[in-house]
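For reference, the structure discussed in these notes is given below.
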Amino acid sequence: MPELPEVETVARGVDERVHGDRIVEVWFSSYPQPFKTSAARQHRGLAGRKIVAVHRTGKHIVCELGENKKSIEAQWVVHLGMTGRLLVTTPEAPVAKHTHARLELKSGKELRFVDPRRFGRLEFRDLKKNGAFAAAGAEPLTIEPEAFAALFRGRTLAIKAALLNQSLLTGVGNIYADESLFHAGIRPRRAAGRLTRAELERLRVALVQVLEASIRKGGSSVSDYVDATGVRGFYQLEHRVYQRGGEPCHSCATPIERILVAGRGTHFCPKCQK
DNA sequence: CATTTCACCTGGTGGC
DNA sequence: TGCCACCAGGTGAAAT
């Protein structure tokens, strides 16, 4: 479900509703997979802490914990995987199947992590011991043109595979890789290192435009993505190629092709993309 | 090292 | 209605 625009939408929604609130009680499911940090250690770290702010880094949601913004002591880092949801609810709201974490807040609200496939991850970081969370790759919304081009220099892998590599760029997933390549007019199987400087700049600009447009629409709800309050996004209505295999291209009416690149379903227009 | 493949999970869909 | 194959927003380990 969640790539940069979806994670940004969730992080903003959670921040609006819980910043300044204090965690008074913590509950975790017994499935070990979602816990990058053991449930016991997260429990000790989270209970009693105040959530100062919530924001996005790449595809991660970072909850800053401390007494105020100038004294952050710890972080709770949430990765939604494919099907994760981070929801702000009332305590009475029915607990959804596959709920793995419930943080009861002083205000009476609850912060819940729900994840059917359990590909998501929850991590607790003590800043003194572990340091602050940092993504490996660059932020696509702010990277400079020169640095963006340098990411792909000399690489033989497909440009689509390179876009998905989180240690190069952080936050781009299958939807926005396909959509940005369409808007830039570049075929997904092209070797990353063979793109011209002009093509790379078209790609960077397309990526920024697509990601920002999607954030404005609350992200893409292809099947089950919802924001922090359970509301779906609308950017799926703007998709030009993603999951449109066989359907006519909106620009030239040529049927959109679906192929496999880096093991992922990949969609492109054979006429508009060179 | 760079690149590719596969396993990790549940659930929805479409064919028979 | 049931069974089965296939597909899905991600990522890290193992293989090549």
Side-chain angles (χ1 to χ4, degrees), chain A residues 1-11 29-37 56-61 77-86 96-100 113-123 133 135-137 140 150-181 188-194 207 210-211 213-215 217-228 231-246 258-267:
Chain A
M1 55 129 81
E3 303 178 32
L4 188 153
E6 292 76 35
V7 178
E8 176 71 29
T9 304
V10 172
S29 77
S30 52
Y31 288 104
Q33 297 97 318
F35 303 109
K36 192 165 175 178
T37 311
R56 175 197 66 79
T57 298
K59 292 179 191 171
H60 295 261
I61 298 165
V77 183
V78 178
H79 192 292
L80 300 174
M82 289 273 255
T83 53
R85 295 179 174 189
L86 190 63
K97 197 176 172 184
H98 306 296
T99 296
H100 297 110
F113 176 70
V114 182
D115 184 11
R117 288 177 76 177
R118 306 203 293 274
F119 288 171
R121 292 292 179 267
L122 303 177
E123 178 186 13
F133 174 81
L151 293 176
F152 305 102
R153 211 160 285 152
R155 296 188 176 273
T156 58
L157 81 174
I159 184 61
K160 157 106 182 221
L163 287 173
L164 294 177
N165 182 341
Q166 301 297 297
S167 58
L168 297 178
L169 283 174
T170 182
V172 182
N174 210 33
I175 296 175
Y176 302 100
D178 281 5
E179 291 297 312
S180 61
L181 285 167
R189 282 222 174 104
R190 294 270 305 280
R194 294 279 180 84
L207 199 47
V210 162
L211 293 172
S214 181
I215 291 170
K217 298 279 183 178
S220 298
S221 288
V222 174
S223 64
D224 54 11
Y225 158 74
V226 292
D227 71 10
V231 173
R232 289 166 60 86
F234 293 97
Y235 192 71
Q236 67 278 11
L237 303 174
E238 314 286 325
H239 291 176
R240 289 292 175 266
V241 288
Y242 180 73
Q243 287 196 342
R244 293 194 65 245
R258 181 186 184 277
I259 59 174
L260 225 50
V261 178
R264 317 292 304 279
T266 296
H267 318 78

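Note that this is a predicted model, so its numbers are computed, not measured. Atoms considered below: every heavy atom in the structure, side chains included; atoms not considered: hydrogens, waters and symmetry mates. Chain identifiers are assigned alphabetically (A, B, ...) following the order of the sequence lines, protein sequences preceding nucleic acid strands; residue numbering begins at 1 within each chain.
Atom CZ in A/Arg118 sits about 18 Å away from atom P in C/dT11, given to the nearest Å. One interatomic measurement links the two molecules: CD of A/Gln236 to P of C/dA8, which rounds to 17 Å at whole-angstrom precision. Distance A/Asn165 CG to C/dA13 C1': 15 Å, rounded to the nearest Å. The NE2-C1' distance, from A/His267 to C/dA8, rounds to 10 Å in whole Å. The CZ-P distance, from A/Arg264 to C/dC7, rounds to 13 Å in whole Å. The CG-C1' distance, from A/Asn174 to C/dA8, rounds to 9 Å in whole Å. Computed from coordinates, the A/Phe119 CZ to C/dT11 P distance equals 11 Å when rounded to whole Å. Computed from coordinates, the A/Gln243 CD to C/dC6 P distance equals 18 Å when rounded to whole Å.
Base engagement by A/Ser221 is indicated by at least one non-hydrogen atom pair under 4.0 Å involving a base atom. Within the 4.0 angstrom heavy-atom criterion, only backbone atoms of the sugar-phosphate kind lie near A/Lys97; the bases stay farther away. A/Tyr31 comes within 4.0 angstrom of no nucleic acid atom, judged by non-hydrogen atoms across all strands. Nucleic acid contact for A/Arg155: sugar-phosphate only, since backbone atoms but no base atoms lie under 4.0 Å from a heavy atom of the residue. A/Gly173 comes within 4.0 angstrom of sugar-phosphate atoms only, judged by non-hydrogen atoms across all strands, and of no base. Residue contacts shown for A/Gly219 are absent, as no nucleic acid heavy atom lies under 4.0 Å away.
Side-chain atoms of A/Asp227 and A/Thr9 include no donor-acceptor pair closer than 3.5 Å.
You'll find the side chain of A/Val222 reaches within 4.5 Å of the side chain of A/Gln243, heavy atoms only. Residues A/Leu163 and A/Leu168 form no side-chain contact, since every pair of their non-hydrogen atoms from C-beta on lies 4.5 Å or further apart. Counting heavy atoms from C-beta outward, A/Phe113 and A/Val78 have side chains that approach closer than 4.5 Å. Within the 4.5 Å cutoff, side-chain heavy atoms of A/Thr57 are placed close to those of A/Phe133. At a threshold of 4.5 Å between non-hydrogen side-chain atoms, the residues A/Leu164 and A/Val261 do not count as touching.
Rounded to a whole angstrom, the distance from the P atom of B/dC9 to that of C/dA14 is 15 Å.
For A/Asp178 and A/Lys160, the salt-bridge test passes: some basic side-chain N is under 4.0 Å from an acidic carboxylate O.
The side-chain hydrogen bond (donor to acceptor under 3.5 Å, both in side chains) test with A/Ser220 singles out one residue from A/Tyr225, A/Tyr235, A/Tyr176, and that residue is A/Tyr176.
For the residue pair A/Glu3 and A/Ile175, the shortest heavy atom distance occurs at OE2-N, 2.7 Å.
Relative orientation of the A/His100 and A/His98 rings is tilted, given thresholds of 30° and 60° on the angle between their planes.
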> For DNA chain C, what is the dot-bracket line, given that a base pair needs Watson-Crick (N1 to N3, plus N6-O4 or O6-N4) or G-U wobble (N1-O2 and O6-N3) geometry with both distances under 3.5 Å, and | means paired with another strand?
Replying inline: .|||||||.|||||||
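A 4.0 Å heavy-atom criterion places the boundary nucleotides of DNA chain B facing chain A at B/dT3 to B/dG11, written 5' to 3'.
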